[in-house]
Asks: 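Encoded as structure tokens, here's the structure I'll be asking about.
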Amino acid sequence: MKIGLPRGVQDILPEEIPYWHLIEKTARSIFEKYNYEEIRTPIFEYTELFVKGTGETTDIVMKEMYTFTDKKGRSLTLRPEGTPGVIRAYLTNKIYTSKPVWKVYYIGPMFRYERPQAGRYRQFHQLGVEVLGRKDPYIDFEVINIAVEILKSLELENIEVEINSLGCSQCRPKYREALKSYFSKYEDLLSPIDKERLERNPLRILDSKDEKVISLKEDAPQPLDFLCEDCKKHFDKVTNYLSIANLNYKINPKLVRGLDYYTRTVFEITTTTLGAQNAVVGGGRYDNLVETYGGPQIPGLGFALGIERLILLLKQQAKLGIEKQKLLFLAIEDENYLKKAIEISQVLQKNFKVEVGPLEEPLRAQLRLADKIGADFVLIINSSLIERNFIKIRDFKSGEEKNISIDNLIETLNTML
RNA sequence: GUGAACGUAGCUCAGGAUGGUAGAGCGCUGGGUUGUGGCCCCAGUGGUCGCGGGUUCAAGUCCCGCCGUUCACCCCA
């Protein structure tokens with residue numbers, strides 16, 4: 001019986017791994033330079049964590065979670081995003097008692113029950129950061145800057161940073177009401193989904209792609225006009241820092257994002273070349289989230305980046321500068337040299353990537369295998385050379401050959417490869 | 001969750017409107033040639049046509065259901 005693959009998940013085969021390593025390596029080194037430390041939280045948590053944090057009115061919680069009950073009847077959920085788990089870890093380990101600021105990053109799989117599509121899978125991977133304990137606008141800039149730096153280091157083109165502010169618990173309710181009363185006037189034009197949003201979460205209507213709503217949105221009240229003094233100042237400073245750093249951005253007053261916990265700064269990094277799934281990075285500030293979980297009043301913010309989407313972009317641009325280590329292949333003329341071959345291979349493998357051929361088989365078979373696995377150089381031990389303690393090396397792509405002394409084999413190879 | 005297209009050999013794909021139990025290229029295996037791989041030549045290997053059901057004397061082809069892929073909606077990373 002053949003067992004297939006569940007919908008929306010995939011194997012990441014060895015051929016793909018260089019992309020993953022490149023992204024992880026690049027991101028890690030940037031995170032470390034900004035003084036972020038890695039954290040690994042569980043893949044599943046209590047369902048409640050996401051319902052309270054991500055928000056019960058969000059699509060993620062309402063219809064996209066992988067939720068199950070364990071043998072004791074507890075409701076558990078495969079994490080659909082990284083932030084709630086990190087906040088939970090912050091509280092579980094009472095980090096706030098020892099560290100005024102906590103800056104962490106994570107890399108790992110997330111799970112959402114959605115219809116798969118280009119750049120959208122049921123198991124997908126994100127890397128991201130969370131900062132707890134800093135309310136100053138510089139840190140908003142830093143978080144955006146880190147995301148951009150990762151993309152720039154990977155030489156990505158056609159990316160755009162969009163930013164907006166959603167206000168705080170002081171000014172947001174006023175905006176919410178203004179938006180609600182504005183769209184209420186046009187309730188007849190709204191789709192059933194948008195009507196529901198009107199009650200539940202009017203900000204989300206700004207996200208609507210309904211044709212009729214798109215034109216209505218033009219004249220809708222904008223969150224930036226409703227910001228309180230403090231929020232306005234905060235936003236101005238963030239954008240000012242972006243300008244100082246020469247980081248191009250666009251203020252998008254309709255950017256609201258699909259998670260409930262955001263306050264003040266929200267941002268997205270999008271690309272024009274990924275079709276419908278154009279967001280590569282998303283993030284923002286969440287000054288009330290720690291409190292929502294019953295913790296102290298600690299401000300926070302972060303972003304998440306979709307690794308699969310980033311890989312799609314890297315492939316499109318075909319700019320991947322991943323160098324493969326040259327592969328050496330060791331072959332012998334006949335079995336008399338088997339012992340010698342094993343001795344040499346021991347030395348070689350301390351320094352190079354080496355495949356030892358099927359030494360009991362004819363040389364011809366050994367070489368054929370060398371060709372098939374794509375060897376770059378083949379070392380051949382044969383009778384005429386071994387007496388003088390020499391070995392033959394052939395550049396398998398060009399066919400060029402050389403005899404080199406076994407005594408300084410490593411040194412010679414180092415200069416050749 | 002909605003809509004559309006698609007699923008034939010290990011891979012890329014033909015065949016399908018007009019039903020008669022499958023083809024190509026590449027790959028793979030063996031042999032020839034080559035000191036000792038590639039190139040070339042010869043021979044061979046390949047498929048419950050995604051799965052299940054239905055119509056029919058007969059289904060890869062028509063119909064239905066399921067699974068999967070892709071794209072869009074939706075949503076987001």
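To find a chain, count down the sequence lines: A is the first, B the second, and so on, and within it residues start at 1.
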Asks: Give a yes or no on whether a salt bridge exists between A/Arg257 and A/Glu268, defined as a side-chain N under 4.0 angstrom from a carboxylate O.
Replies: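 A salt bridge is present here (some side-chain N lies under 4.0 Å from a carboxylate O).
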Asks: Compare the minimum distances between each of B/rU36, B/rA77, B/rU70 and the side chain of A/Ala118, then state the nucleotide with the smallest one.
Replies: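 Output: B/rU70.
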Asks: Tell me, do A/Leu166 and A/Thr263 make a side-chain contact under 4.5 Å, heavy atoms counted?
Replies: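 Answer no - side chains too far apart.
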Asks: Side-chain N or O of A/Lys372 less than 4.0 angstrom from OP1 or OP2 on B/rU29?
Replies: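 Answer yes for this pair, as a side-chain N or O of A/Lys372 is under 4.0 Å from OP1 or OP2.
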Asks: Figure out the CZ/C1' separation between A/Arg120 and B/rA77, and round it to whole Å.
Replies: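 After rounding, the gap between these two atoms is 11 Å.
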Asks: Select base, sugar-phosphate, or nothing to describe what A/Arg309 touches, counting heavy atoms under 4.0 Å on all strands.
Replies: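 It contacts base atoms.
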Asks: Find which nucleotide of RNA chain B each of A/Ile307 and A/Lys63 is nearest to by heavy atoms, and output the residue with the more 5' nucleotide.
Replies: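 With A/Ile307 and A/Lys63 compared, the 5'-side residue is A/Lys63.
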Asks: Categorize A/Leu369 for me: base, sugar-phosphate, or nothing, with a 4.0 angstrom heavy-atom threshold over every strand shown.
Replies: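 Contact class for A/Leu369: none.
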Asks: Could you check which of B/rC73, B/rU36, B/rA77 has an atom nearest any side-chain atom of A/Gln117?
Replies: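 Among the listed nucleotides, the one closest to the side chain of A/Gln117 is B/rC73.
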Asks: Verify the stacking flag for A/Phe396 against B/rG38: centroid separation must be under 5.5 angstrom and the ring planes must differ by under 30 degrees.
Replies: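 Base of B/rG38: not stacked against A/Phe396.
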Asks: Under a plain distance cut-off of 3.5 Å, with no hydrogens placed, do A/Glu142 and A/Tyr36 share a side-chain donor-acceptor pair?
Replies: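 Yes, A/Glu142 and A/Tyr36 have a side-chain donor paired with an acceptor closer than 3.5 Å.
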Asks: NA contact type, A/Ala304, heavy-atom cut-off 4.0 Å: base, sugar-phosphate, or nothing?
Replies: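 Sugar-phosphate: the residue A/Ala304, judged by heavy atoms under 4.0 Å, touches backbone atoms but no base.
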Asks: Is A/Glu400 salt-bridged to A/Lys402, cutoff N-O under 4.0 Å?
Replies: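 Salt bridge flag = no for A/Lys402 with A/Glu400.
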Asks: Using the closest heavy atom to pick a nucleotide of RNA chain B for each, name whichever of A/Glu333 or A/Ala279 lands nearer the 5' end.
Replies: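 Whichever sits nearer the 5' end wins; that is A/Glu333.
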Asks: Closest approach to the side chain of A/Pro116, judged atom by atom: which nucleotide of B/rA77, B/rU2, B/rU69 is it?
Replies: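 The listed nucleotide nearest to A/Pro116's side chain is B/rU69.
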Asks: Report the distance from atom CD1 of A/Ile205 to atom P of B/rC74, rounded to the nearest whole Å.
Replies: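 So the CD1-P distance, A/Ile205 to B/rC74, works out to 14 Å.
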Asks: Can you tell which of B/rU36, B/rC73, B/rA77 lies closest to the side chain of A/Lys392?
Replies: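 So the side chain of A/Lys392 is nearest to B/rU36.
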